[in-house]
Amino acid sequence: MFASTIRTIADYPKPGIQFRDITTLLKDRVAFNAMVDALALHYANVRLDKVAAIESRGFIIGAALASKLELGFVPVRKRGKLPAETVMQPYKLEYGEDALEIHVDAVTEGEQLLLVDDLIATGGTAMAAMTLVRRLGGVVEHAAFVVDLPALGGLQQLQSAGVKPFVLCQFDGH
Ligand SMILES: O=P(O)(O)OC[C@H]1O[C@H](OP(=O)(O)OP(=O)(O)O)[C@H](O)[C@@H]1O
Ligand SMILES: Nc1ncnc2[nH]cnc12
């Protein structure tokens with residue numbers, strides 16, 4: 001159901017990448033609300049303190065889900081965007097390199113955080129975000145994504161780090 005609402009753009013942002021564009025899901029009120037509801041239902045009985053979501057597309061999903069679950073929201077941002085003291089974690093992308101940051105006071109020791117992003121490909125971004133939360137003493141046992149690209153192996157990376165992933169749809173290829 002969700003996959004059919006997501007548009008694919010060939011060769012964006014680089015030749016060979018099949019870009020999975022969630023804006024077509026987001027603009028559809030039925031699909032958007034069903035997506036938030038499906039994620040919220042999955043975590044309804046899981047003990048969580050906060051949602052940590054990854055800039056920028058992850059913010060859209062993570063903020064809506066945090067509100068639905070009545071949890072606080074922690075932004076994990078690209079380097080140089082957060083104003084207070086941060087910790088930083090570099091990572092590799094399917095199409096480049098970057099670094100993520102989180103405010104050092106965003107997480108309290110022992111808090112349970114749900115990691116949220118729109119899409120997992122290689123898992124580099126999600127692993128960097130998980131590492132940041134754990135460096136601050138937070139516990140990351142769960143991660144949610146709208147889209148998984150199984151050919152790129154991101155879910156296995158998270159699983160091997162002790163995180164249980166939940167995804168709403170998968171696409172073959174890169
Ligand atoms: O599993 P990975 O290989 O690390 O790739 C997944 C990441 O790539 C995309 O973000 P992007 O860096 O393109 O940023 P954006 O959300 O700001 O568009 C996507 O939203 C994930 O965060
Ligand atoms: N193929 C893809 N489509 C959309 N976002 C991505 N992030 C990493 N790979 C992606």
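Just so it is clear, the values below take in all heavy atoms, side chains as well, and ignore hydrogens, waters and symmetry mates. Whatever order the structure lists them in is the order used to number ligands and atoms, beginning at 1.
- Between the Arg135 side chain and the Met130 main chain, no donor and acceptor come within less than 3.5 Å of each other.
- Using a 4.0 Å cut-off between heavy atoms, Thr122 contacts ligand 1 through both its backbone and its side chain.
- Within the 4.5 Å cutoff, no side-chain heavy atoms of Gln18 are placed close to those of Tyr12.
- An N or O contact shorter than 3.5 Å is missing between Tyr91 and ligand 1 by distance.
- Taking distance alone, with nitrogen or oxygen atoms compared against 3.5 Å, Ala121 approaches ligand 1 more closely than that limit.
- Residue contact check: Gly124 has heavy atoms under 4.0 Å from atoms 1 (O), 4 (O) of ligand 1.
- Counting the atoms of ligand 2 from 1 in the order shown, those under 4.0 Å from a heavy atom of Gln18 are 1 (N), 2 (C), 3 (N).
- By the 4.5 Å heavy-atom criterion applied to side chains, Leu113 and Leu48 are not counted as neighbours.
- Checking side-chain atoms of Glu85 against main-chain N and O of Val104 turns up no donor-acceptor pair under 3.5 Å.
- Contact annotation for Thr122 and ligand 2: no heavy atom of the residue comes within less than 4.0 Å of the ligand.
- Within the 4.0 Å heavy-atom shell around ligand 1 one finds Lys78.
- Contacts with ligand 1 closer than 4.0 Å are made by backbone heavy atoms (N, CA, C, O) of Glu55 only, the side chain lying farther away.
- The parts of Thr125 lying near ligand 1 are both backbone and side chain, judged by heavy-atom distances below 4.0 Å.
- No donor-acceptor pair closer than 3.5 Å links the side chain of Arg20 to the backbone N or O of Arg7.
- Between the side chain of Ser67 and the backbone N or O of Ala63 there is no donor-acceptor pair closer than 3.5 Å.
- Heavy atoms of Arg57 found under 4.0 angstrom from ligand 2 belong exclusively to the side chain.
- Ligand 1 lies within reach of Gly123, whose nearest heavy atom is under 4.0 Å from it.
- A donor-acceptor pair under 3.5 Å is formed between the side chain of Thr24 and the backbone N or O of Thr5.
- Side-chain N or O atoms of Gln89 include none that pairs as donor or acceptor with a backbone N or O of Ala99 at under 3.5 Å.
- At a 3.5 angstrom cut-off on N or O pairs, Lys92 does not count as close to ligand 1.
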